[in-house]
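In what follows, a single structure is set out as C-alpha cells and then discussed.
By convention in this document, chain letters (A, B, ...) are assigned in the order of the sequence lines, proteins followed by strands, and residues within each chain are numbered from 1.
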There are 2 protein chains.
Amino acid sequence: MPPHRGHLPQVEQPASLAELARTAIERAILAGTYLPGERLVEERLCEHLGISRPPLREALRQLSFTGIVEHTPRKGVRVMAMTQHDVYEILTFRRELERMALRLALPGLDPGRLDECRAALERMWPVAEAGDEGGLVAAGFEFHLSVIRLAHHKRIEQAFRSMSLQLQLCMAMNNRVRRDVEDLKGNVQRHEELLAVIVTEDRDRIEAAFDAHGNATFVRASLDELEGGSNQSAKWFAGFLDRH
Amino acid sequence: MPPHRGHLPQVEQPASLAELARTAIERAILAGTYLPGERLVEERLCEHLGISRPPLREALRQLSFTGIVEHTPRKGVRVMAMTQHDVYEILTFRRELERMALRLALPGLDPGRLDECRAALERMWPVAEAGDEGGLVAAGFEFHLSVIRLAHHKRIEQAFRSMSLQLQLCMAMNNRVRRDVEDLKGNVQRHEELLAVIVTEDRDRIEAAFDAHGNATFVRASLDELEGGSNQSAKWFAGFLDRH
DNA sequence: CTTTGCACTACTGTATACAGAAGACCGGAG
DNA sequence: CTCCGGTCTTCTGTATACAGTAGTGCAAAG
C-alpha cells in the first residue's frame, strides 16, 4: 500500500452544455433579464445561448426542480411568479431546514466541519470591508451552507441548496432590498455571533439565535417588499411574524 | 356573474411519454426488476418501453431529482445503492419534515385539511381488512401526506413526496421487511392514535407521538435489515436510536 | 354588438442521426 | 507473469427534423 498522500483535489469534470445553460439562465433570471411570469421560449433561448434544444430543455428541467421556473405541459416554461405565500414558504422552509440540520448535528459537533464554518466566516470579512454587496450575499450563503453541512446530511444540504436559489429569486425581485439599509460589517458580526452560539452546543440557545438571525434578515427584506403596500400585505406580514 | 357551482374537477392532462416512462421505471425499480447499483442503459430502456431517447432521458432526470437513481456525467444512470448512512438520512429527513409541517400547521389547524386526514385514515381500514399489504403502504403514505398538507406548504409537500420515493426504495431493497411481522390493523390503529393527538394541537405531545410512530415503523424495518448483521451495523443502528 | 366557428401561426413533444468520450479487451514489452 | 499501451465497442451528449397541439385572430352568423 502506497504511503498516505492526503486527498487529491477531485478532477473537475468538464461541464456539459446543459449545466452551462442552466447557470446562464439562472444568472439571467436573478439579474432580472427575464421577469417573473415571463415565458421562456425554447427556440429563443437556444438562439441566445448558441446551443440546440435538447441540452436547453434539460437545463430548464433542472431549473424547474429548483423551483425558480415553472413548467406546464404543452404550454412551456415561465419564470416563477412569487406570491406572498411563496415568500412565506421560502423563508420558513429555510429556517426550518437550518433548525433541522442543527438538531441532527448537535450531539457531538464535528470539529472538522466546525472549522469549515470558521473558514467561511473569515472569508466574509474582507468582502464586507470591500463593500461588495453581492459578494457578501454569496459569502453569507457559503457560511449558512457550512452550518447546514454540520449535520453530515446530503438530503438536507440538497434541499437547502435548491431552496436558496428561490430565496435569491425572492431578493432579486425586489432587489432594492438590502440596498443602503444593510450594514455590511454588522451583517458579518451577526454571523459571527451565530457561530459563537453554535459552539456552545446548547440547542435552545442555538434555535433562539437562528430565529433572531432569520428575523433580522427577513424583517428588513419583507418590510421593503411591502413598503407602501396595502393593509392586506401588512396584515399578512404581521401574521407571519406572530406565528414565527 | 354566473351562480356559484363549486369547483369543477380539474381536467386531467394527458400524460406525456416522459411521465409514463418515469412511473414505469419507478415501479420497476421498486419491484426489484432493476437492482441497486445496476446501470440503466438508455437504449435498452427505450427498447423495453417502446419510446425514443429524449422522453426517456427526461424521465431519468426526473428520477435523479427524486434521488432513486444516480446520474454521473458521461457515465450514465445507475439505480441508487443505499448505504446505512443513506437510510439514516431518509428516516431522519422524513421525521423532521413531518415535525416541520406540524410546527407550521399548529397555530389554527385548518378544519378542512383535518377532514382530509380523517378521510385518508378511513380509507386505510378496508385495505387493512383485505390484507392488502402493498395497498396499506400506499394508503399510509396518503395519510402522512394529508398530515403534511396541514401546513399549506407546497415546498414541504414536494420535499416529502420525493423523499417518500426514496423511503419506498429503502423498503423495496429489503422487501422482506414488514412481511409477516406487521399487524395490518395495528398499523391503522397507530395512525388513528396519531390523528387523535394532532387534534389536541399540543405541540409537545404531537412531536412525541410522531417520534414514537416513526420509531415503531423504522425500528422494525431497520432491525430486519440488520438481522444477522455485523457488530458494525448493530453499533450504527444503536447510535441512530440513541441520537434520535 | 356579441358570439361562435374556423384557419393559421407558433411552440412544445417526440423521433432519428451523428460526434465524442469512457471502458473493455487484446497484444506486446519488461 | 505482470503491466502498460492501443484499438475497438458501446453508450452518452448533442444536433437536426418532423408531428401534433394550444393559442390567436378573423370572419360570419345570430
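For C:dG13, the base has a donor-acceptor partner in the side chain of A:Arg53 [N/O atoms by modelled type, under 3.5 angstrom].
When the C1' atom of D:dT14 is taken as reference, atom CG of A:Leu20 falls 13 Å away, rounded to whole Å. Between the CD atom of A:Glu42 and the P atom of D:dT14 there is a distance of 16 Å, rounded to whole Å. Atom CG of B:Leu45 and atom C1' of D:dT10 are 15 Å apart (whole Å). Rounded to whole Å, atom P of D:dG13 lies 10 Å from atom CG of B:Leu60. When rounded to the nearest whole Å, the span between CG of A:Leu56 and C1' of C:dG13 equals 14 Å. Atom P of nucleotide D:dT12 and atom CD of A:Glu19 are separated by 17 Å, given to the nearest angstrom. Between the C1' atom of C:dT9 and the CZ atom of A:Arg44 lies a distance of 12 Å, rounded to the nearest Å. Distance CD (A:Glu47) to C1' (C:dC11): 14 Å, rounded to an integer number of Å.
Using a 4.0 Å heavy-atom criterion, one finds that A:Pro54 contacts the bases of the nucleic acid, with or without backbone contacts as well. Heavy atoms of A:Leu40 sit under 4.0 angstrom from primed sugar atoms or phosphate atoms, though from no base atom.
The side chain of B:Leu17 sits closest to C:dT14 out of D:dA15, D:dG13, C:dT14. Of all nucleotides listed (D:dT14, C:dT12, C:dT16), C:dT16 comes nearest to the side chain of B:Ser52. For A:Pro55, the listed nucleotide lying nearest its side chain is D:dT14; candidates were C:dA15, D:dT14, D:dT12. Considering only side-chain atoms of B:Lys75, the nucleotide from C:dA22, C:dT12, D:dG23 that sits closest is C:dA22. Nearest nucleotide to the A:Arg74 side chain, out of C:dT14, D:dA15, D:dA22: D:dA22. Taking the side chain of A:Glu43 as heavy atoms from C-beta on, and the options C:dT12, D:dG13, D:dA15, the nearest nucleotide is C:dT12.
Using cut-offs of 30° and 60° for the angle between ring planes, the B:His153 and A:Tyr88 rings count as tilted.
Taking each heavy atom of B:Leu150 and B:Leu102 in turn, the nearest pair found is CD1-CD2, 4.3 Å.
DNA chain D is contacted by both A:Pro73 and A:Ser16; A:Ser16 maps to the nucleotide lying nearer its 5′ end (nearest heavy atom per residue).
Put simply, the side chain of A:Thr72 never gets that close to the backbone of A:Lys75: no donor and acceptor are under 3.5 Å apart.
Atom CD of A:Gln62 is separated from atom CZ of B:Phe65 by 5.0 Å, given to the nearest 0.5 angstrom.
Checked against the 6.0 Å centroid threshold, A:His85 and B:His152 do not count as a close aromatic pair.
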